Participant: 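Here it is, the structure, as structure tokens.
Not measured: the values here are computed from a predicted model. First the proteins, then the strands, lettered A, B, ... as listed; each starts at 1.
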Amino acid sequence: MTATRTLTYREAIREALREAMQRDERVFLMGEDVGRYGGAYACSKGLIEEFGEARIRDTPLSESGFTGAGIGAALGGMRPIVEIMTVNFSLLALDQIVNTAATLRHMSGGQFSVPLVIRMATGAGRQLAAQHSHSLECWFAHVPGLRVVAPATVADARGMLWTALQDPDPVIMFEHATLYNDEGEVAAEGQVSCDLDNAAIRRTGKDVSLITYSGSLKKTLDAAQQLSEEGVDCEVIDLRSLRPLDDATIMSSVSKTARAVIVDEGWRSGSLAGEISARIQEQAFYSLDAPVERVCSVEVPIPYPSHLEMAATPQAEGIMAAVRKTLRK
Amino acid sequence: MTATRTLTYREAIREALREAMQRDERVFLMGEDVGRYGGAYACSKGLIEEFGEARIRDTPLSESGFTGAGIGAALGGMRPIVEIMTVNFSLLALDQIVNTAATLRHMSGGQFSVPLVIRMATGAGRQLAAQHSHSLECWFAHVPGLRVVAPATVADARGMLWTALQDPDPVIMFEHATLYNDEGEVAAEGQVSCDLDNAAIRRTGKDVSLITYSGSLKKTLDAAQQLSEEGVDCEVIDLRSLRPLDDATIMSSVSKTARAVIVDEGWRSGSLAGEISARIQEQAFYSLDAPVERVCSVEVPIPYPSHLEMAATPQAEGIMAAVRKTLRK
Amino acid sequence: MATGTDTKVHLVREHALDLLKQMVLIRRFEEKSAELYSAEKIRGFLHLYIGEEANAVGVMQALGPDDAIVATYREHGHALARGLPPGEIMAEMYGKASGSSRGRGGSMHIFDARHRFYGGNAIVGGGLPLAVGLALADKMQDNNRVTCCFFGEGAAAEGEFHESLNLAALWNLPVLFICENNGYAMGTALERSESNPDISRHAEAYSIASEDVDGMNVVDVEAAARRAVAAIRTGNGPRFLENKTYRFRAHSMFDAELYRDKAEVEQWKKIGPVVRFTDWLVESGMIRQADMDTIEQEVEQIIGDAVTFAEQAPWEPVEDLTRDVMTPTAQDGVLS
Amino acid sequence: MATGTDTKVHLVREHALDLLKQMVLIRRFEEKSAELYSAEKIRGFLHLYIGEEANAVGVMQALGPDDAIVATYREHGHALARGLPPGEIMAEMYGKASGSSRGRGGSMHIFDARHRFYGGNAIVGGGLPLAVGLALADKMQDNNRVTCCFFGEGAAAEGEFHESLNLAALWNLPVLFICENNGYAMGTALERSESNPDISRHAEAYSIASEDVDGMNVVDVEAAARRAVAAIRTGNGPRFLENKTYRFRAHSMFDAELYRDKAEVEQWKKIGPVVRFTDWLVESGMIRQADMDTIEQEVEQIIGDAVTFAEQAPWEPVEDLTRDVMTPTAQDGVLS
Ligand SMILES: Cc1ncc(C[n+]2csc(CCOP(=O)(O)OP(=O)(O)O)c2C)c(N)n1
Ligand SMILES: Cc1ncc(C[n+]2csc(CCOP(=O)(O)OP(=O)(O)O)c2C)c(N)n1
Ligand SMILES: [Mg+2]
Ligand SMILES: [Mg+2]
């Protein structure tokens with residue numbers, strides 16, 4: 001048993017950033033307001049004082065430009081961490097991410113890799129309305145050449161960055177904006193990196209497999225807890241890596257429970273949940289006792305008022321209802 | 001029986017453009033090289049002479065700018081047709097499409113609709129390599145507020161544009177670049193528009209339902225033809241509308257055949273095929289005799305050489321293999 | 001609202017009082033909004049316009065009811081100056097169904113078709129292409145209308161800014177670009193985001209005539225806007241105004257303001273648009289303290305009514321969650 | 001390759017012959033490519049550089065082996081001038097495994113790590129941010145290296161162009177921007193895509209020193225490039241060259257050239273970079289017809305060998321389809 005500490009998700013990200021900067025001088029952070037402002041979500045607060053403005057680099061509002069510059073800097077021998085303030089603004093940088101970062105190695109016949117980490121906040125839940133509440137993880141998870149991760153816990157927020165920086169290819173890291181204030185346990189100093197390859201079973205159970213990631217993990221664990229009081233024993237899987245997906249962990253759970261519910265904040269049509277549902281029935285069809293259920297966001301641009309935003313996005317009640325449905329309860 | 005004519009897909013698009021311009025003076029075409037050059041795929045060849053440069057409007061290389069201008073012009077009372085040369089370049093316009101066109105009506109509480117049609121060529125098959133061969137229809141089909149169509153036949157190419165122009169909301173129309181030279185029958189003059197709502201059964205059969213769209217329809221019909229010689233009777237569904245999806249047609253076919261294979265040129269992970277597979281098992285789980293199969297593109301940026309490009313994208317052989325698999329043959 | 005046909009500012013007492021009252025209305029409305037944010041009546045992001053009032057008020061004088069406005073997430077002031085009902089703006093910030101946008105948009109997405117107010121855009125630079133398109137539609141339909149697009153200096157670094165200026169100039173479109181240069185984009189000072197902080201240089205590179213304006217002086221702003229709008233109406237294409245102004249409050253309610261020191265803020269407050277204009281009017285004898293008191297009373301009344309309206313407005317029922325995603329068409333049994 | 005340290009052009013006979021030979025090599029290589037395209041040995045898109053040879057050849061003289069190049073889909077000429085093996089370039093266009101990019105990229109995506117040749121980008125404007133990043137890496141690592149970015153005038157309308165110029169100037173990065181202004185973007189003449197066709201005005205708006213260059217004159221190009229590179233190496237940030245040039249052939253093999261008349265093309269051909277330089281060298285007595293014949297023979301030999309190499313090169317086995325999507329890492333049993 002190693003000693004642990006309690007940090008907020010925000011502190012974990014900041015600690016991970018600081019450590020990466022200290023361990024590898026090729027690492028630098030670049031993005032809008034990461035420096036003087038301290039980061040839109042205060043993740044890099046204080047770092048510019050410690051590392052200077054060359055390595056904690058404030059950029060103009062030029063998402064395509066500085067994301068592309070991150071790709072070029074990676075080619076040039078650096079280990080850039082590009083922070084795109086939120087996934088909503090990444091729409092302005094998709095050309096560079098998809099047409100350049102994801103294709104360069106292949107187009108060059110393996111001559112050039114792009115060791116770049118792109119961090120961005122994602123998701124709804126803060127009443128920021130239609131242009132500031134997207135969950136487009138599924139778009140990125142669709143693209144060969146990219147690796148996509150989503151730390152849902154403070155420990156993963158603390159550990160994933162360093163591992164991502166060791167990856168020779170572009171890694172997109174999604175941080176759900178509702179997680180930053182959450183507290184959690186992390187390993188003591190020194191033990192920092194964690195694998196990016198495997199999904200994590202956050203709760204073991206035998207009746208139904210609940211598969212989720214990022215900001216929806218809390219709600220899913222909450223639902224599982226309430227269901228346990230009804231005598232329903234749920235297993236909760238946190239995907240952690242969205243590309244590639246850890247099929248093995250998913251399938252072994254589903255072949256045990258014979259039932260699955262996928263919880264995904266993305267809009268239902270074309271969601272990552274759809275991909276996972278398809279894979280489950282491709283790989284575990286004959287062990288399924290009920291159709292795989294999906295709990296996703298309603299197909300509406302996220303509305304501003306709290307009651308409508310809550311109704312538009314997955315909540316514990318909806319998850320519980322879906323579980324009962326798979327159990328025909 | 002109405003009289004028909006034979007046109008190429010390109011001619012059908014051009015005729016539809018011309019007719020729309022003639023019928024409604026609010027309609028205009030805007031995009032890169034649509035005028036003097038005649039369109040990258042020659043779809044608008046000759047139209048600038050007929051309608052002048054104000055209505056056949058050449059734009060600078062500014063995908064985000066002129067797509068946004070199309071949205072504004074739609075708000076201002078026009079009926080713009082924006083041509084983005086190919087889906088590959090639409091990555092530069094996604095902010096305007098997703099953050100503005102798709103959200104405006106909702107964000108304004110229903111005050112402003114965006115009657116805009118955006119046409120773009122899509123797909124691989126012409127040895128244009130990794131940056132010019134994307135099939136990202138699934139991305140657009142994920143976004144509430146958009147309507148997405150993909151004419152796979154000459155008749156649909158001829159008829160869909162006018163219907164799309166009647167739609168009060170943004171319609172994204174995908175034209176697979178390998179279709180432009182294909183010939184097909186269209187209704188005689190006068191009978192032009194066609195619905196955008198329903199999938200079409202291009203071939204009826206009782207053994208397996210093959211579900212596809214756009215450039216993959218040809219290959220799928222080809223596979224179905226060859227399979228029929230083996231005594232396998234396939235039904236082929238052309239989705240036509242990718243958002244919304246016509247679940248009714250899909251499910252009634254699958255509940256008849258009990259087997260489904262989805263053919264989609266998109267990369268497999270996070271493909272539209274995944275969504276359809278998920279829906280089938282959600283809505284027709286108990287009538288399935290075998291797992292739903294997907295034939296998609298291999299997860300690699302599309303390589304330039306023909307033999308590798310062919311291997312990376314769906315072909316008749318692969319479709320036939322998937323069908324046999326669902327039949328355990 | 002001024003008809004916008006006149007190209008000169010006639011600073012008669014009535015007009016002076018009107019300008020002053022509009023600026024005070026915005027100032028008090030924003031202060032009340034901050035208060036209601038702390039009270040958790042208003043949620044999400046809230047970007048206050050305090051310190052920049054002269055820009056929206058001055059520019060709107062030059063526009064007529066047929067002209068269009070495109071603004072940003074910092075748009076309450078523009079909405080008020082454009083004449084949108086304060087109660088509906090407040091109800092929008094409450095997220096109520098009686099809000100300007102049925103409460104769907106909130107503070108960042110105030111829209112009003114009756115006033116040709118096209119929002120309320122929360123993507124920096126995102127409104128510029130839209131404005132270009134509105135102007136293109138007017139040009140193609142021979143409407144002699146102007147589309148006025150407000151944005152911050154931070155937007156000048158975005159590609160969409162450049163693509164839009166080029167299109168507007170290339171096609172000779174009736175767009176009035178108003179760069180509200182308040183010196184900072186969140187925490188980033190202009191000198192740290194533009195290799196050449198003189199934004200109007202870019203307008204000139206597109207052959208767009210531009211003018212630098214004292215954005216803290218409502219009369220200067222009105223005069224410059226009237227000149228620009230008059231020029232645009234002659235059909236000679238877009239104009240560009242760079243209004244030097246300052247934001248007295250934090251960028252949003254989440255901003256710790258680590259990037260600027262209080263002294264700088266205090267300096268600017270000394271030349272604040274309200275205090276400066278008031279002093280000047282009083283000194284010039286055009287108004288008296290009593291006039292100020294009347295304005296404050298009237299404004300207090302308006303804002304009080306707005307808050308009451310918002311408080312009493314209904315919530316959109318959850319059953320209506322998916323309304324206004326797509327436009328109802330005839331076959332849905334509703335006319336589009 | 002020139003070391004790029006010298007800032008003057010020394011037009012001694014050897015250098016003149018070298019410049020001429022490089023331009024002729026590109027010219028003949030492109031002619032052969034067109035031929036092989038008709039023979040369906042080369043597929044997909046093919047964009048020829050014929051008429052623009054002086055630009056790549058002239059600029060490369062100013063660059064050293066440590067400097068980096070970023071080019072577009074019209075990059076065969078740049079690849080040849082940079083010294084990439086012609087056989088590998090040709091094999092790439094054949095799609096063979098011995099091609100510069102293992103045949104994965106084709107004509108539009110020629111890459112070569114040994115020559116710091118970063119492609120081969122088929123997204124107009126897409127290479128500029130990449131070049132900015134390469135230069136940023138050099139600056140952060142104190143490498144005294146230059147990144148040279150070639151692009152067409154059509155790219156100037158793209159937002160990425162503006163964001164990149166601003167970043168390079170703001171951060172004082174060693175980037176040499178070369179705008180190859182051949183007057184057309186596919187079928188769109190510059191006057192129809194830029195409200196102000198003087199592209200260098202934009203560079204100036206970012207406070208980037210720029211120079212207009214006769215892109216049909218290889219000596220002028222070399223001289224301007226040497227001046228610019230020398231300035232960049234002193235650490236004073238980016239430079240911008242606008243090279244006026246012309247494309248003699250269609251945009252690609254699909255282009256019907258409806259947008260320009262033959263007369264215009266013929267006019268430009270009269271001042272073609274090869275014919276003009278040759279005549280001048282002959283008149284000045286620096287070379288003789290015999291030299292030209294030798295060059296043509298050597299070039300024919302080189303191209304012949306390149307085609308043979310490409311013809312004999314192997315195809316990538318289909319089993320290797322998914323290689324080079326992700327980088328093999330230690331745990332894959334391969335060293336990264
Ligand atoms: C494309 C985009 N990038 C980033 C943001 C986050 N953001 C919101 S406001 C803002 C600063 C904008 O500054 P400026 O344009 O000067 O307007 P101001 O807030 O000063 O009025 C930023 C970076 C955004 N909304 N959109
Ligand atoms: C972003 C983007 N939009 C459109 C295209 C299609 N396209 C390819 S080349 C080209 C013209 C580019 O002209 P220019 O930049 O002047 O370069 P040139 O071809 O003249 O060398 C266009 C429009 C593209 N490749 N990328
Ligand atoms: Mg600002
Ligand atoms: Mg050109």
Side-chain angles (χ1 to χ4, degrees), chain B residues 25-28 30 53-55 57-80 82 92-93 95-96 98-116 143-147 166-170 195 197 243-244, chain C residues 68 70 92 97 99-106 108-114 118-123 125-141 143 145 147 158-168 170-171 173 316 322-329 331 336:
Chain B
E25 63 183 9
R26 298 170 308 171
V27 171
F28 70 103
M30 159 162 73
E53 48 184 58
R55 292 183 70 197
R57 185 171 289 265
D58 280 318
T59 66
L61 278 116
S62 309
E63 285 78 7
S64 197
F66 68 75
T67 301
I71 297 167
L75 287 174
M78 301 298 285
R79 289 291 179 273
V82 167
L92 289 157
D95 166 55
Q96 286 297 321
V98 174
N99 283 328
T100 306
T103 58
L104 247 172
R105 179 170 172 84
H106 189 259
M107 290 194 308
S108 67
Q111 292 180 83
F112 298 109
S113 296
V114 180
L116 167 70
V143 181
L146 299 181
R147 165 151 218 179
Q166 305 316 299
D167 197 289
D169 299 311
D195 81 287
D197 305 313
R243 181 180 185 89
Chain C
V70 175
E92 186 59 35
S100 315
S101 308
R102 298 191 64 86
R104 299 279 171 153
M108 300 197 290
H109 303 299
I110 292 162
F111 287 83
D112 190 328
R114 291 160 305 171
Y118 292 91
N121 194 312
I123 302 299
L128 282 88
L130 201 73
V132 168
L134 282 160
L136 174 60
D138 282 334
K139 176 156 185 152
M140 293 183 81
Q141 295 168 110
N143 299 328
R145 308 195 292 196
T147 297
E158 291 282 4
E160 287 186 337
F161 167 88
H162 294 275
E163 296 184 358
S164 301
L165 261 62
N166 184 41
L167 289 176
L170 180 69
W171 293 341
L173 304 178
E316 182 101 80
T322 60
R323 71 169 284 162
D324 296 329
V325 177
M326 306 306 278
T327 308
T329 51
Q331 79 238 37
S336 64

Participant: Could you check Gln111(B) against Arg114(C) for side chain to side chain contact (heavy atoms under 4.5 Å, CB included), going step by step and ending with a plain yes or no?
Facilitator: CA-CA 9 Å; Gln111(B) 292 180 83; Arg114(C) 291 160 305 171; 5.6 Å; no
Participant: What option among Lys139(C), Arg102(C), Glu92(C) has the most heavy-atom pairs under 4.5 Å with chain B?
Facilitator: Arg102(C)
Participant: Phe111(C) vs Leu104(B), test: side chain to side chain contact (heavy atoms under 4.5 Å, CB included). Steps then yes/no.
Facilitator: CA-CA 9 Å; Phe111(C) 287 83; Leu104(B) 247 172; 3.2 Å; yes
Participant: Please test Glu160(C) against Gln96(B) for side chain to side chain contact (heavy atoms under 4.5 Å, CB included), starting from the C-alpha separation and ending with a verdict.
Facilitator: CA-CA 10 Å; Glu160(C) 287 186 337; Gln96(B) 286 297 321; 3.2 Å; yes
Participant: Go through the atoms of Arg57(B) and report whether side chain, backbone, both or neither lie under 4.5 Å from a heavy atom of chain C.
Facilitator: side chain
Participant: List the steps and the verdict of side chain to side chain contact (heavy atoms under 4.5 Å, CB included) for Ile123(C) and Thr100(B).
Facilitator: CA-CA 9 Å; Ile123(C) 302 299; Thr100(B) 306; 5.8 Å; no
Participant: Just so I know, are the side chains of Pro129(C) and Ile71(B) near enough to count as touching, which here means a heavy-atom distance under 4.5 Å?
Facilitator: no
Participant: Indicate the atoms forming the closest heavy-atom contact of Ala73(B) with Ala137(C), along with that distance.
Facilitator: O-CB, 3.7 Å
Participant: Considering only heavy atoms, which portion of Leu146(B) lies under 4.5 Å from any heavy atom of chain C: side chain, backbone, both, or neither?
Facilitator: backbone
Participant: Taking side chain as everything from C-beta outward and backbone as N, CA, C, O, which of these in Thr59(B) sits under 4.5 Å from a heavy atom of chain C? Side chain, backbone, both or neither.
Facilitator: both
Participant: What part of Glu63(B) gets within 4.5 angstrom of chain C, counting heavy atoms only: side chain, backbone, both, or neither?
Facilitator: backbone
Participant: In terms of heavy-atom proximity below 4.5 Å to chain B, should Leu170(C) be classed as side chain, backbone, both, or neither?
Facilitator: side chain
Participant: Can you see which heavy atom on Gly145(B) is nearest to which on Val325(C), and at what distance?
Facilitator: N-CG1, 3.6 Å
Participant: Counting only non-hydrogen atoms closer than 4.5 Å, does Asn166(C) touch chain B with its backbone (N, CA, C, O), its side chain (CB onward), both, or neither?
Facilitator: side chain
Participant: I need the minimum non-hydrogen distance between His106(B) and Arg323(C), along with the two atoms involved.
Facilitator: CD2-O, 3.4 Å
Participant: Is chain B contacted by the side chain of Ser100(C), its backbone, both, or neither, given a heavy-atom distance below 4.5 Å?
Facilitator: backbone
Participant: Using side-chain heavy atoms (C-beta onward) and a distance below 4.5 Å, is Leu136(C) in contact with Met30(B)?
Facilitator: yes
Participant: Tell me the closest heavy-atom pair linking Leu167(C) and Pro60(B), and the distance in Å.
Facilitator: CD2-CD, 3.4 Å
Participant: Nearest 0.5 Å please: distance from the CG atom of Leu128(C) over to the OG atom of Ser64(B).
Facilitator: 10.5 Å
Participant: Kindly check if the number of other-residue, nucleotide or ligand heavy atoms within 6.0 Å of CD (Gln141(C)) is above 12?
Facilitator: yes
Participant: Distance from Thr103(B) atom OG1 to Asn121(C) atom CG, nearest 0.5 Å?
Facilitator: 7.5 Å
Participant: Identify which of Met78(B), Arg26(B), Met107(B) forms the greatest number of heavy-atom pairs closer than 4.5 Å to chain C.
Facilitator: Met107(B)
